[in-house]
Protein chains: 2
Amino acid sequence: MDAILDATARVLVRDGYAALTTNAVAVAAGVSIGSLYQYFPNKEALVLALRERHVRHMSALMMREAAFWDAAEQGVPLEALITRTIHVAMVAHRLEPALHKVLALEAAHLEARHEEDGTEGVLRALLERYSRGPDAEVTVPDLDVATFVVGRMAHALIHAAVLDPPPGADPHTLERETVRAVMAYLTA
Amino acid sequence: MDAILDATARVLVRDGYAALTTNAVAVAAGVSIGSLYQYFPNKEALVLALRERHVRHMSALMMREAAFWDAAEQGVPLEALITRTIHVAMVAHRLEPALHKVLALEAAHLEARHEEDGTEGVLRALLERYSRGPDAEVTVPDLDVATFVVGRMAHALIHAAVLDPPPGADPHTLERETVRAVMAYLTA
DNA sequence: CGTAAACATGAGTAAAAGCTCGCATCATAG
DNA sequence: CTATGATGCGAGCTTTTACTCATGTTTACG
């Protein structure tokens with residue numbers, strides 16, 4: 001079953017979504033189509049399962065690295081938190097970048113909508129903490145809008161930096177500038 | 001010929017890319033499949049032609065509104081320019097938002113890459129102007145990186161604001177915050 | 001009016017691909 | 001060893017769909 005998902009990922013990356021056939025997956029996995037259909041009711045379920053597994057892997061990696069989010073309680077400067085968060089997100093996106101790119105670009109109609117991955121909730125809570133009190137670092141007028149803007153901004157920049165960087169660009173520079181962009185917006 | 005492209009757009013928006021068949025397009029256009037194939041060699045060319053026409057329409061609308069770009073020569077403040085540019089871009093994206101969304105999401109593998117649409121060149125030139133002289137407003141360290149970051153950031157926020165806004169959000173607010181984000185990054 | 005070129009038609013073709021189903025093989029238990 | 005259930009197999013069925021082509025219709029023009 002995991003072997004079938006692995007094969008699906010390989011075919012997707014090698015040939016693209018348009019050329020993804022259940023027979024090709026079965027061959028790549030070294031099993032028969034019959035067996036494939038014993039585990040997945042149809043092609044869509046196959047790709048969906050792969051996507052879910054991939055999201056799970058990325059989430060697991062992020063959560064392992066990101067226990068530090070609790071530190072928000074203890075006066076950690078906003079910039080340190082943003083820096084670390086964006087770094088972790090970039091590392092997670094580098095897990096299987098080719099697969100991630102195909103899923104995001106060619107299987108977008110099956111891709112989970114941006115809102116339902118729980119990210120916005122966490123982000124919103126963070127912004128709320130840092131916008132309270134006399135020495136609040138976050139100075140945006142509307143927290144809901146800010147959550148939306150930062151979410152989209154960071155997501156786009158992380159994707160661009162990891163999956164589609166300009167030729168000859170230093171990854172570290174792109175990461176630093178992503179942090180700068182988010183920080184500048186939040187504390188302008 | 002234009003009627004066929006119109007029909008393609010209608011079917012794309014109504015049924016999505018997966019359900020786009022040449023026969024369905026012919027029916028929607030009120031012509032026979034034979035006629036369709038007299039104008040377009042194959043299905044891909046059909047969608048490509050539609051995309052090109054759509055990009056042309058958007059570009060035309062932007063260029064009409066954006067003669068003001070020459071004003072960069074004459075000491076117009078950066079913020080005014082950014083505000084106007086982002087406004088124009090948003091208006092252009094509202095031309096055929098549903099079609100634009102489908103093309104961007106479901107036909108992404110045919111979609112022109114972000115780099116080849118000429119936007120980056122214009123943006124780069126603008127940033128260069130505003131980062132020169134003693135009263136330079138743009139204070140980023142690397143112009144190439146800044147072009148990349150601003151391009152992706154603005155593109156993502158415009159798409160999000162026009163095609164996928166959060167429920168109950170005010171379009172004007174989203175536009176203002178997009179300007180704020182770009183300005184904050186450039187002048188941080 | 002005649003001719004020819006351009007355009008329109010839609011039933012039909014052929015290939016692709018998702019999926020089924022009857023049969024074989026294997027694992028476990030008694 | 002035998003029985004039974006679970007799992008694996010892959011030829012082929014069926015549907016879908018991009019595309020063709022022989023024929024009909026309109027247009028252009030002398």
Side-chain angles (χ1 to χ4, degrees), chain A residues 1-55 98-99 101-112, chain B residues 1-56 98-112:
Chain A
M1 244 208 68
D2 257 355
I4 295 175
L5 289 184
D6 289 342
T8 307
R10 257 178 287 137
V11 174
L12 260 183
V13 168
R14 176 157 45 83
D15 305 334
Y17 184 82
L20 182 82
T21 70
T22 51
N23 288 277
V25 170
V27 169
V31 303
S32 68
I33 341 146
S35 294
L36 189 152
Y37 277 95
Q38 223 148 31
Y39 292 102
F40 304 96
N42 52 51
K43 186 182 165 182
E44 192 184 337
L46 179 67
V47 179
L48 247 55
L50 174 63
R51 177 173 69 66
E52 264 173 45
R53 192 183 73 164
H54 180 239
V55 169
L99 174 61
K101 194 172 178 176
V102 175
L103 287 176
L105 275 182
E106 302 191 37
H109 50 294
L110 308 171
E111 184 79 343
Chain B
M1 242 208 70
D2 257 357
I4 295 175
L5 290 184
D6 290 343
T8 308
R10 255 178 289 135
V11 174
L12 260 183
V13 168
R14 177 158 45 82
D15 305 336
Y17 184 84
L20 182 82
T21 71
T22 51
N23 288 277
V25 170
V27 169
V31 302
S32 68
I33 341 146
S35 295
L36 188 153
Y37 276 94
Q38 221 148 35
Y39 292 101
F40 303 96
N42 52 52
K43 185 182 164 181
E44 191 183 339
L46 179 67
V47 179
L48 247 56
L50 174 63
R51 177 173 70 66
E52 265 173 43
R53 193 184 71 165
H54 180 238
V55 168
R56 237 189 9 259
L99 173 62
H100 195 89
K101 193 171 179 178
V102 174
L103 287 174
L105 275 182
E106 301 191 37
H109 51 294
L110 308 171
E111 183 79 344

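So you know, we letter chains A, B, ... as the sequences are listed, proteins then strands, and number each from 1.
Evaluation of the side chain to side chain contact (heavy atoms under 4.5 Å, CB included) rule for B/Val27 yields no partner, not counting sequence neighbours. Shown here are the side-chain hydrogen bond (donor to acceptor under 3.5 Å, both in side chains) partners of B/Arg14, two or more places apart in sequence or in another chain: there are none. For B/His54, the ring pair (Phe, Tyr, Trp, His ring centres under 6.0 Å) criterion is met by B/His100, not counting sequence neighbours. In this structure, B/Lys43 has no salt bridge (charged side-chain N to carboxylate O under 4.0 Å, His left out) partners at least two apart in sequence or on a different chain. Every residue two or more places apart in sequence or in another chain that forms a side chain to side chain contact (heavy atoms under 4.5 Å, CB included) with A/Val55 is listed here: A/Arg51, A/Ser59. Residues satisfying the salt bridge (charged side-chain N to carboxylate O under 4.0 Å, His left out) criterion with B/Asp15, sequence neighbours excluded, are absent altogether. For B/Asn23, the side-chain hydrogen bond (donor to acceptor under 3.5 Å, both in side chains) test picks out no residue, with sequence neighbours left out. Applying the side chain to side chain contact (heavy atoms under 4.5 Å, CB included) test to A/Ala7 and every residue at least two apart in sequence or in another chain returns A/Arg10, A/Val25, A/Ala28, A/Ala29.
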Q | Contact letters for nucleotides 11-23 of chain C, in which S counts primed atoms plus P, OP1 and OP2 and B counts the base, heavy atoms under 4.0 Å | A | B-----SBBB---

Got a list of side-chain donor-acceptor pairs under 3.5 Å for residues 32-42 of chain B, not counting sequence neighbours?
from	atom 1	to	atom 2	distance (Å)
B/Ser32	OG	B/Ser35	N	3.3
B/Ser32	OG	B/Ser35	OG	3.3
B/Asn42	OD1	B/Glu44	N	3.3
B/Asn42	OD1	B/Ala45	N	2.9

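Heavy atoms of B/Tyr39 sit under 4.0 angstrom from primed sugar atoms or phosphate atoms, though from no base atom.
The two atoms that bring A/Leu99 and A/Leu50 nearest to each other are CD1-CD2, 3.9 Å, heavy atoms only.
Phosphate proximity of C/dG10 to B/Ser32: absent, as no side-chain N or O sits under 4.0 Å from OP1 or OP2.
Taking every nucleotide of DNA chain D with any atom under 4.0 Å from a non-hydrogen atom of chain A, the first and last of them, 5' to 3', are D/dT7 to D/dA11.
Contact check of residues 1-9 of chain B against DNA chain D (heavy atom, cut-off under 4.0 Å) returns no residues at all.
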